[in-house]
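Just below is one structure, and these are the notes that go with it.
Scope of the values below: all heavy atoms of this structure, side chains included, with no hydrogens, waters or symmetry mates. This chain uses plain numbering: 1 for the first residue, then up along the sequence.
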Amino acid sequence: MMEHVLLTTADLLQARCAHTTAALDEADVTRLLAQIPGWRLEEGRLCRDFPHADYYRTMAFVNALAWLSHNEDHHPELTVTYNNCRVRYHTHSVNGGRGGLSHNDFICAAKASALAQQAPQDQPLKDKAVQA
């Protein structure tokens, strides 16, 4: 159980994931969803697309997200394409193992959004190989 109620995006960014078996109720999900712009509910999961200029930047985001996920010990479902990474969060251990949303999903979603905001938004990289 969380030590305090997560009310703001700043609270989510400061919080750490913890093992839980308690799913959030609909009111908590609605309240927390408002704190993570760009995220939506899709089939009971938190979902967001993170578009990038090119494959290199997409993979850089994926690798940074993998590091974040490892540190929080809460891992998303990822769909990676050339210039997009779709991220889906849900917690397998809640609702008696049936899954659902927990505070951990919102903590990681907020941190994934913050990570994306730190990424450079410049033009795609050009091939710098020397041509013969």
Side-chain angles (χ1 to χ4, degrees):
M1 178 165 237
M2 302 306 290
E3 290 179 14
H4 65 283
V5 177
L6 301 171
L7 298 174
T8 67
T9 304
D11 291 335
L12 291 168
L13 292 170
Q14 292 298 316
R16 294 294 313 254
C17 290
H19 178 73
T20 184
T21 57
L24 296 172
D25 63 27
E26 191 174 328
D28 284 334
V29 168
T30 300
R31 180 179 53 77
L32 288 167
L33 190 58
Q35 299 304 315
I36 51 172
W39 290 85
R40 63 192 178 278
L41 292 178
E42 218 174 73
E43 299 178 5
R45 290 168 163 74
L46 280 180
C47 185
R48 182 173 173 186
D49 288 298
F50 290 94
H52 298 279
D54 53 32
Y55 187 73
Y56 174 81
R57 285 184 175 78
T58 302
M59 292 309 297
F61 174 77
V62 168
N63 285 320
L65 186 59
W67 181 86
L68 183 148
S69 300
H70 179 74
N71 276 346
E72 293 296 336
D73 196 24
H74 194 66
H75 306 89
E77 220 175 85
L78 302 176
T79 302
V80 180
T81 61
Y82 175 82
N83 62 353
N84 189 65
C85 179
R86 176 168 289 174
V87 180
R88 291 182 200 88
Y89 282 107
H90 74 288
T91 303
H92 300 281
S93 61
V94 299
N95 285 328
R98 294 184 315 272
L101 294 174
S102 73
H103 282 109
N104 293 341
D105 301 308
F106 289 89
I107 290 166
C108 287
K111 291 180 180 188
S113 292
L115 180 67
Q117 288 177 341
Q118 296 173 13
Q121 301 298 319
D122 55 352
Q123 298 298 315
L125 297 175
K126 300 293 181 193
D127 186 3
K128 298 186 184 197
V130 177
Q131 297 188 10

Just checking, any donor-acceptor pair under 3.5 angstrom between side chains of Arg45 and His90?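 Yes.
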
Worksheet entry | salt bridge (charged side-chain N to carboxylate O under 4.0 Å, His left out) partners of residues 60-70, not counting sequence neighbours, each pair once |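 Every candidate salt bridge (charged side-chain N to carboxylate O under 4.0 Å, His left out) pair involving residues 60-70 fails, so no pair, neighbours aside, qualifies.
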
Do Trp67 and Phe61 make the cut of ring centroids closer than 6.0 angstrom?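 Not close enough - the centres of the two rings lie 6.0 Å or further apart.
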
- Item | Nearest heavy-atom neighbours spanning Asn104 and Ala18 |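 In this case the closest contact between Asn104 and Ala18 is ND2-O, 2.8 Å.
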
- Task: Indicate the atoms forming the closest heavy-atom contact of Ser93 with Thr20, along with that distance.
- Result: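 Smallest heavy-atom distance, with atoms named: OG-O, 2.7 Å.
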
For this session: Can you label the angle between the His74 ring and the Tyr89 ring as parallel, tilted or perpendicular, going by 30° and 60°?
Result: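 Answer is parallel, since the angle falls under 30°.
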
- prompt: Would you call Leu46 and Val29 a side-chain contact if the rule is heavy atoms closer than 4.5 Å?
  reply: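 In short, these two side chains do not touch, never coming nearer than 4.5 Å.
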
Could you check whether any side-chain N or O of Lys111 sits under 3.5 Å from a backbone N or O of Ala15, counting only pairs where one atom can act as donor and the other as acceptor?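 Confirmed, Lys111 side chain pairs with Ala15 backbone.
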
>> Any side-chain to backbone donor/acceptor pair from Asn63 onto Met59? Under 3.5 Å, distance only.
In response: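 Checking the backbone N and O of Met59 against the side chain of Asn63, a donor-acceptor pair under 3.5 Å is found.
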
Under the side chain to side chain donor-acceptor pair (under 3.5 Å) rule, collect the residues that match up with Thr58, sequence neighbours excluded.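 Expected list: none.
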
Open item on the list: Please determine whether a side-chain nitrogen of the Lys or Arg among Glu42 and Arg40 lies less than 4.0 Å from a carboxylate oxygen of the Asp or Glu.
Closed with: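 Judged by the 4.0 Å cut-off on N to carboxylate O distance, Glu42 and Arg40 do form a salt bridge.
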
Exercise for review: Please identify each residue that fulfils side-chain contact (heavy atoms from CB on, under 4.5 Å) with Thr79, with sequence neighbours left out.
Suggested key: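 Result, side-chain contact (heavy atoms from CB on, under 4.5 Å) vs Thr79: Arg86, Arg88.
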
